[in-house]
Number of protein chains: 4
Amino acid sequence: MPKSNLQTRDDDEQEEKAVPTNVSGQRLKSFLERIERLEEEKKALAEDIRDVYSEAKSLGFEVKIMRKIVSLRKTNVEKRREEAELLELYMSAIGMAE
Amino acid sequence: MPKSNLQTRDDDEQEEKAVPTNVSGQRLKSFLERIERLEEEKKALAEDIRDVYSEAKSLGFEVKIMRKIVSLRKTNVEKRREEAELLELYMSAIGMAE
Amino acid sequence: MPKSNLQTRDDDEQEEKAVPTNVSGQRLKSFLERIERLEEEKKALAEDIRDVYSEAKSLGFEVKIMRKIVSLRKTNVEKRREEAELLELYMSAIGMAE
Amino acid sequence: MPKSNLQTRDDDEQEEKAVPTNVSGQRLKSFLERIERLEEEKKALAEDIRDVYSEAKSLGFEVKIMRKIVSLRKTNVEKRREEAELLELYMSAIGMAE
DNA sequence: ACCGTGGTTAGCTTTC
DNA sequence: GAAAGCTAACCACGGT
């Protein structure tokens with residue numbers, strides 16, 4: 001692939017100045033880099049989580065059960081949040097919002 | 001389900017002291033908390049990413065296309081990594097590792 | 001569409017009779033038709049659901065709230081199912097499965 | 001949350017008679033039940049579809065490719081339908097409808 | 001008519 | 001290698 005201002009290549013760090021290359025391209029590049037940085041962090045966290053499970057497993061805990069518990073607690077939290085939203089909907093429906 | 005030291009409920013913050021509750025329960029609880037902490041961070045990052053996309057969108061960039069680019073760059077990176085691994089494999093195979 | 005190598009292994013012993021049309025092709029066609037039939041039915045049901053919401057709306061009910069309620073009830077059901085699974089996991093973990 | 005005739009809970013099957021509970025509540029409940037019934041059927045169909053794919057897979061067909069085919073056929077059908085509609089439009093435009 | 005949201009689906013990763 | 005859980009893309013709905 002030849003030079004492209006859509007930034008499919010990730011290793012050209014030159015040309016900061018001279019060329020009046022279009023601004024939105026720079027802008028886009030910046031966004032993409034931010035996103036990729038964040039995704040890397042996210043991926044790292046996913047690995048950390050796996051590591052914790054591994055550690056627990058090595059100490060004799062059952063991963064499957066742990067996952068289930070985590071999942072259940074999560075749905076509890078979500079349910080509560082949704083109930084709150086429902087309540088808000090009721091309130092706004094009867095003109096008592098805010 | 002009676003009280004359980006497997007912590008299926010998420011809102012008991014008591015019993016810091018007295019009861020000689022079993023150690024593995026404590027251990028498990030600790031693991032679960034670490035996991036949930038990490039998952040929260042992960043979730044926060046996911047939101048950050050969405051925010052970046054939103055910001056870009058508000059400046060006129062097309063999110064769909066941006067996602068495509070990110071995806072393509074990722075597979076490129078992976079391909080490159082796989083090629084590198086393959087190279088290492090070759091090297092070690094012919095005794096030139098390191 | 002010409003003869004297709006879609007099927008990874010070829011385990012049709014021999015043809016039933018005259019036409020040498022390949023059997024797996026017939027088989028595949030049959031599967032696809034079954035799937036498409038089912039998807040049509042599914043789609044029809046989705047429309048029915050929309051109709052019910054519309055009807056309710058025309059009688060003054062708030063669709064948004066209804067959806068929320070349906071969603072909440074669904075997660076309740078799921079939670080219960082997950083709790084049951086967790087219990088099963090416990091049971092099997094302590095050798096009391098069945 | 002106190003007793004509510006908005007039916008956020010899903011396991012009360014009592015009160016068939018006595019309380020002259022408001023009619024719209026009954027009405028709403030009826031709608032919700034219809035919807036949930038339909039959604040169950042929809043879910044069942046989704047499972048049927050998955051089963052068909054599984055069966056095909058067990059006979060050596062590649063699910064991924066099958067999905068692709070189904071998808072392609074669907075868009076073809078849609079395209080054809082749109083063309084037909086366009087044709088009808090033309091016909092009626094020049095007074096040759098029906 | 002568009003946007004934003006939520007729900008659904010498909011593809012990927014990981015686990016057993 | 002199959003099964004499940006996770007994630008991301010897609011689509012359809014409702015609101016503005």
Side-chain angles (χ1 to χ4, degrees), chain A residues 35 38-39 42-43 45-47 49-54 56-57 62-72 74-75 78 81-82 85-86 89 92-93, chain B residues 35 38-39 42-43 45-47 49-51 53-54 57-58 60 62-72 74-75 78, chain C residues 8-9 35 38-39 42-43 45-54 56-58 61-75 78 81-82 85 89 92, chain D residues 35 38-39 42-43 45-47 49-51 53-58 60 62-72 74-75 78:
Chain A
I35 289 167
L38 291 169
E39 292 205 333
K42 187 148 86 75
K43 193 176 177 182
L45 280 173
E47 279 184 30
I49 292 171
R50 288 181 45 214
D51 290 346
V52 177
Y53 277 119
S54 296
K57 181 176 188 170
E62 297 219 12
V63 173
K64 212 168 172 180
I65 291 180
M66 289 178 68
R67 285 188 186 277
K68 204 61 157 185
I69 294 173
V70 170
S71 159
L72 267 173
K74 183 157 40 180
T75 63
E78 277 166 21
R81 209 202 55 226
E82 288 215 331
E85 284 177 7
L86 180 58
L89 282 178
S92 72
Chain B
I35 290 166
L38 291 169
E39 293 205 333
K42 188 149 83 74
K43 192 176 175 182
L45 280 173
E47 278 185 30
I49 292 171
R50 288 181 43 214
D51 289 348
Y53 278 118
S54 296
K57 180 178 188 169
S58 75
E62 296 214 17
V63 173
K64 199 172 173 180
I65 293 179
M66 287 178 70
R67 285 188 186 278
K68 202 74 186 173
I69 295 173
V70 169
S71 159
L72 284 174
K74 182 155 44 179
T75 63
E78 274 164 24
Chain C
T8 55
R9 300 230 37 268
I35 289 166
L38 292 169
E39 293 206 333
K42 188 149 82 75
K43 191 175 175 182
L45 280 173
E47 279 184 29
D48 289 349
I49 292 171
R50 288 181 46 211
D51 290 347
V52 177
Y53 277 117
S54 296
K57 180 175 188 171
S58 74
F61 292 99
E62 297 220 12
V63 173
K64 208 168 173 180
I65 291 180
M66 289 178 69
R67 286 190 185 276
K68 201 64 162 184
I69 294 173
V70 169
S71 160
L72 266 173
R73 290 170 72 156
K74 184 157 38 179
T75 64
E78 276 166 22
R81 211 202 54 226
E82 288 214 331
E85 283 177 7
L89 282 177
S92 73
Chain D
I35 289 166
L38 291 169
E39 292 206 333
K42 187 149 85 73
K43 192 177 175 181
L45 281 173
E47 278 186 29
I49 291 171
R50 287 180 43 212
D51 289 347
Y53 278 118
S54 295
E55 190 187 342
K57 180 178 188 170
S58 74
E62 296 213 18
V63 173
K64 200 171 171 180
I65 293 178
M66 288 178 68
R67 286 187 188 279
K68 201 75 187 173
I69 295 173
V70 169
S71 159
L72 285 174
K74 182 155 43 179
T75 63
E78 274 164 24

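Letters A, B, ... are given to chains in the order of the sequence lines, protein chains preceding strands, and every chain is numbered from 1.
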* Asked: How far does NZ of D:Lys42 sit from CG of C:Leu45, to the nearest 0.5 angstrom?
  -> 8.0 Å

* B:Glu62 atom CD: more than 12 heavy-atom contacts under 6.0 Å -> no

* Rounded to the Å, how far apart are B:Ile65 CD1 and F:dA9 P? -> 13 Å

* In whole Å, what is the span from the CG atom of C:Leu45 to the P atom of E:dT8? -> 13 Å

* Reckon C:Lys43 touches a base, only the sugar-phosphate, or nothing at all at heavy-atom distances under 4.0 Å? -> nothing

* **Separation of F:dC6 P from B:Ile35 CD1 (nearest whole Å)** => 12 Å

* To do: Send over the distance from C:Glu85 CD to F:dG5 C1', rounded to a whole Å.
  => 12 Å

* To do: Report the distance from atom CD1 of D:Ile35 to atom CG of C:Asp51, rounding to the nearest 0.5 Å.
  => 10.5 Å

* Asked: Got a second to check how far C:Leu72's CG is from A:Glu85's CD, nearest 0.5 Å?
  -> 9.0 Å

* **Least distance between heavy atoms, D:Tyr53 atom then D:Val70 atom** => OH-CG2, 3.7 Å

* From A:Leu38 atom CG to B:Glu47 atom CD, the distance as rounded to the nearest 0.5 Å -> 12.0 Å

* To do: Provide, to the nearest angstrom, the distance between the CD1 atom belonging to C:Ile49 and the P atom belonging to E:dT8.
  => 9 Å

* To do: Find the distance C:Met66:CE to E:dG7:C1' and express it as a whole number of Å.
  => 17 Å

* Structure fact -> dist C:Lys74:NZ -> C:Arg67:CZ (nearest 0.5 Å) comes out at 10.0 Å

* Using the C1' atoms of five pairs at each end, what's the angle between the two axes of the helix from E:dA1-F:dT16 to E:dC16-F:dG1, to 10 degrees? -> 0°

* About how many Å separate CE of A:Met66 and CG of C:Leu89, when rounded to the nearest 0.5 Å? -> 13.0 Å

* To do: Could you state the atom-to-atom distance from NZ of D:Lys42 to P of F:dA12 in whole Å?
  => 12 Å

* Euclidean distance, atom CZ of residue A:Arg81 to atom P of E:dT5 [Å, nearest integer] -> 13 Å

* Structure fact -> Against the side chain of C:Ser71, the closest entry in E:dG7, F:dC6, E:dT9 is E:dG7

* All salt bridge (charged side-chain N to carboxylate O under 4.0 Å, His left out) counterparts of A:Glu82, not counting sequence neighbours -> none

Short N/O separations, protein against nucleotides 10-16 of chain E, under 3.5 angstrom:
unit_1 : atom_1 : unit_2  : atom_2 : d
E:dA10 : OP2    : D:Arg67 : NH1    : 2.9
E:dC12 : OP2    : D:Lys64 : NZ     : 3.4
E:dT15 : OP1    : A:Arg50 : NE     : 3.3
E:dC16 : OP2    : A:Lys57 : NZ     : 3.3

